[in-house]
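Since the structure is predicted, the reported quantities are computational estimates derived from the model, not experimental observations. Below, chain A is the first sequence line, B the second, and so on; all start at residue 1.
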There are 4 protein chains.
Amino acid sequence: MAGRNPDKEGRRQAILQAALQVFARKGYEPATLEAVAREAGLAKGTLYLYFKNKEDLYFHTAVHVLESLQDSILEKSRRCSGALDRLRATALGQFDFFVRHRDTLQMLAAFSHPGLARLHKRLLAAMMEKWAGHLQRITGLVEEGQRAGAIRPDIPPGHIALAFTGMASQVAQVLVGFPLAKSAATASGPQAGQPRESAEVMADTMMRILVEGVMQR
Amino acid sequence: MAGRNPDKEGRRQAILQAALQVFARKGYEPATLEAVAREAGLAKGTLYLYFKNKEDLYFHTAVHVLESLQDSILEKSRRCSGALDRLRATALGQFDFFVRHRDTLQMLAAFSHPGLARLHKRLLAAMMEKWAGHLQRITGLVEEGQRAGAIRPDIPPGHIALAFTGMASQVAQVLVGFPLAKSAATASGPQAGQPRESAEVMADTMMRILVEGVMQR
Amino acid sequence: MAGRNPDKEGRRQAILQAALQVFARKGYEPATLEAVAREAGLAKGTLYLYFKNKEDLYFHTAVHVLESLQDSILEKSRRCSGALDRLRATALGQFDFFVRHRDTLQMLAAFSHPGLARLHKRLLAAMMEKWAGHLQRITGLVEEGQRAGAIRPDIPPGHIALAFTGMASQVAQVLVGFPLAKSAATASGPQAGQPRESAEVMADTMMRILVEGVMQR
Amino acid sequence: MAGRNPDKEGRRQAILQAALQVFARKGYEPATLEAVAREAGLAKGTLYLYFKNKEDLYFHTAVHVLESLQDSILEKSRRCSGALDRLRATALGQFDFFVRHRDTLQMLAAFSHPGLARLHKRLLAAMMEKWAGHLQRITGLVEEGQRAGAIRPDIPPGHIALAFTGMASQVAQVLVGFPLAKSAATASGPQAGQPRESAEVMADTMMRILVEGVMQR
DNA sequence: CATGAATGAGCCTTCATTCAT
DNA sequence: TATGAATGAAGGCTCATTCAT
């Protein structure tokens, strides 16, 4: 799957890595190709031999990132059986990944950047596909759980998947230390919660809320 | 005894409205003051009579937006009693607001813009304060529920608040029709959920998940 | 010579005073009419009731300043008799004035501002006239000294006047503390001169150099 | 292996030349980088590849100018021996240089521009150093003259240097034909001096005044 | 007369993109 | 293939000037 030139693909990967760093650090608009090139140890013009333009680079980076994320999650969740365990593993995989590559989360935060709305269809579709795949897997796990009788069937699986991803991304932000999310976890007043738990503890707590609910029984 | 249009406060509001539109449509960096001025029906230079610079305008817009959001939520939740009902009302208030002002959600999406990191302390603090206030209120409701015996006490209220806001913002995105979030709700395959529920239905579902959990009993 | 309205002339003077401060502090281009208005305690628009525009204001200020300078010098020199004493008094008057109104010197420093080249003929002429008057007086004093046998006649009086004004303005800059001129006086190394003499001492020294020359006899 | 035009130093010099023209013609503030770029036959953005910003360009231009001036003077004065001859050569070198590069004098006139006050320390220091060096050389020549018994020792060398530079700059302005200075030389009435002498004659006259004084003996 | 809100031309500066080498 | 110098469009911001009140 690599280019003719043995180094071609390596260069491409180097650029993607550099772009991830820079886009994560700066966001889409403020990131400069100059910075990407410097980070990659290449000249600015060289980037254009591998990517059509800034937008193109951005989206290939995004796709690349989503692929890594998915790989990381899949690897963790494949080792488990049972829908709930797999969901927990999915959450944990996500947290782990973000904690280890916090740039990635920042990068993904820029996805909603409206300036990217008018993007090349194909690239946007590729991103969508990756992301949708992620969600589909989760929805699939929920359905599996419903069929197996572990998850209540009276709520559409899509909605449960939504709840799951919502919680998970919020928790991920706390774990990574995003300012606004952090203030959430710290805002609880006198007997405040302990925000800086480990990824594992947070994944557990999250799953307990999702699975058992918060109602007192 | 005054200049051409002495209605300074009205102008200010008009500019904030225009800025909200533009920032929501474009995000922070790509938004041009030219566009804001055009939207407000004013000349570019006039903006500088009301706001120190782009950053200043952005943050006043953000604070303004957060205030409206809070007002909208508080108004709805004050009419309820009981922690759970208030949480439901909070979610519903948030959904309603975002559905009616979908620009606001897009605007808030730009919060994580790294270009805004090195901001004027006072303004950043104001934003944080608004947002932290929102989260604190939710944490407070959870604590209240725990004290009243409606919510299980073995999970820190901060974590529950996190779960709540995570779900709520994800659902809000679906309701507003964000591309990525939408694909989530649609990705569930053949027997997929019905994403375009009303705000009320979604709030209910969300609360059911949060309160009762997804476990089959 | 005042306007109809008894305050009209007072206002005008106030504006000129304010303009002097601001032009001296900032120079021509960086000085803003806003600053002048603030200094004068008036609204920006009001300036335009008294002066056609910024350039006009600048030149009226300049003329005004030159008039004050001339008055101050004439007053001092009229009390002396003899060409050399009058020259000394002229120098002293100039130094005194600048020391008391160091803004004026800074203001005059902006005269050579090339951006002012394309000025209204009449105003430029007025400035020239004032300045030329000053020089003519000095040349006149030199001629008088030559006729009286106090000053050697073999050097054209214009050249001597030139030497006089050159020295005088340089000394004035030192007295006022201009950075570049100051470095001149301080640059003399180990047994350096004492730059911060009084105006009187400097005037004396200057006259000694001019009159007697620096040659060892 | 290089970009479009690898002759970086040549370009840099070309820009400095263009900047000299423009700054001299317009002064600091009114000079536009657009004009500099046009004069240099480059695009506006290109300037920023060679200089950090307008201020930076200005100061490098100034330093460059002062260096040329110093070179020109030193070359002339090194060929002479004896303090007085060297001073004369210094004046002559200065006049010659200014007559040949009248932009330089105009450029130097912009030194007092207050907008330049808050400058980068290093650059300001560089300018000061050049200028102080010039003054120090003159003071040194005076001291040498005093030690050799050619110059009276009862006047501090710094003051004599001041007188020298004052005269010299005034004369230079006349020679270059500055409007205000010109009017000085022309203002002497009927038997007026002949202002447009050659640089050599003016240097001689100046030195005669400085050395012998204007007193009739 | 006085005001000061509004205007908009113009400037500095950045940066994606091109292209000669 | 790689480079990096050059480009020029575009944006934020200032401020002289106007004019409705």
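In terms of modelled atom types and a separation under 3.5 Å, the side chain of Lys54(A) and the main chain of Glu29(A) share a donor-acceptor contact.
As judged by a 4.0 angstrom heavy-atom cut-off over every strand, Tyr50(C) is placed among residues touching the sugar-phosphate backbone only. Using a 4.0 Å heavy-atom criterion, one finds that Arg11(C) contacts the sugar-phosphate atoms exclusively.
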Would you tabulate the nitrogen or oxygen pairs shorter than 3.5 Å linking the protein to nucleotides 9-11 of chain E?
from    : atom 1 : to       : atom 2 : distance (Å)
dG10(E) : O6     : Lys44(B) : NZ     : 3.3

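Summarising the geometry, the separation between CG on Leu42(B) and C1' on dA5(E) is reported as 11 Å, rounded to the nearest angstrom. Between the P atom of dC12(E) and the CZ atom of Arg38(D) lies a distance of 11 Å, rounded to the nearest Å. Protein atom CD of Glu55(B) is 14 Å distant from nucleotide atom C1' of dC13(F), rounded to whole Å. Phe51(D) has its CZ atom 15 Å from the P atom of dC12(E), to the nearest Å. Counting to the nearest Å, the P atom of dC15(F) and the CG atom of Leu57(C) are 16 Å from each other. At whole-Å resolution of the value, CG in Asp7(B) and C1' in dT21(F) are 14 Å apart. Between Lys52(B) atom NZ and dG12(F) atom P the separation is 16 Å, expressed in whole Å. The interatomic distance linking Lys8(D) (NZ) with dG4(F) (C1') rounds to 9 Å, in whole Å.
The CG atom of Leu16(D) lies 13.5 Å from the CZ atom of Arg11(D); values are rounded to the nearest 0.5 Å.
When each of dC13(F), dT17(F), dA6(F) is scored by its nearest atom to the side-chain atoms of Asn53(B), the top-ranked nucleotide is dC13(F). Here the side chain of Leu49(A) is nearest to one of dT3(E), dA2(F), dT7(F), namely dA2(F).
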- Message: Wobble G-U and Watson-Crick pairs count when both distances are under 3.5 Å; given that, what is the 5' to 3' dot-bracket string of DNA chain F, with | for pairing to other strands?
- Response: .||||||||||||||||||||
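Residues Gln17(A) and Gln13(A) bring no donor and acceptor atom of their side chains to less than 3.5 Å of each other.
Between Leu47(B) and Gly41(C), the residue anchored nearer the 5' end of DNA chain E, judged by the nucleotide with its closest heavy atom, is Gly41(C). Judged by closest nucleotide on DNA chain F, Ala43(D) is the one of Ala43(D) and Tyr48(C) placed further toward the 5' end.
Using a 4.5 Å cut-off on side-chain heavy atoms (C-beta onward), Phe51(B) and Arg12(B) make contact. A 4.5 Å side-chain heavy-atom check between Glu39(C) and Glu34(C) finds every atom pair outside the cut-off. Contact check for Val63(C) versus Leu66(C): no side-chain heavy atoms found under the 4.5 Å cut-off. Side-chain contact between Lys52(D) and His60(D): absent, with no pair of heavy atoms (C-beta onward) separated by less than 4.5 Å. Residues Leu57(B) and Leu33(B) form a side-chain contact, since some pair of their non-hydrogen atoms from C-beta on lies under 4.5 Å apart.
When every heavy atom of Val36(B) is checked against every heavy atom of Ile15(B), the shortest pair comes out as CG1-O, 4.4 Å.
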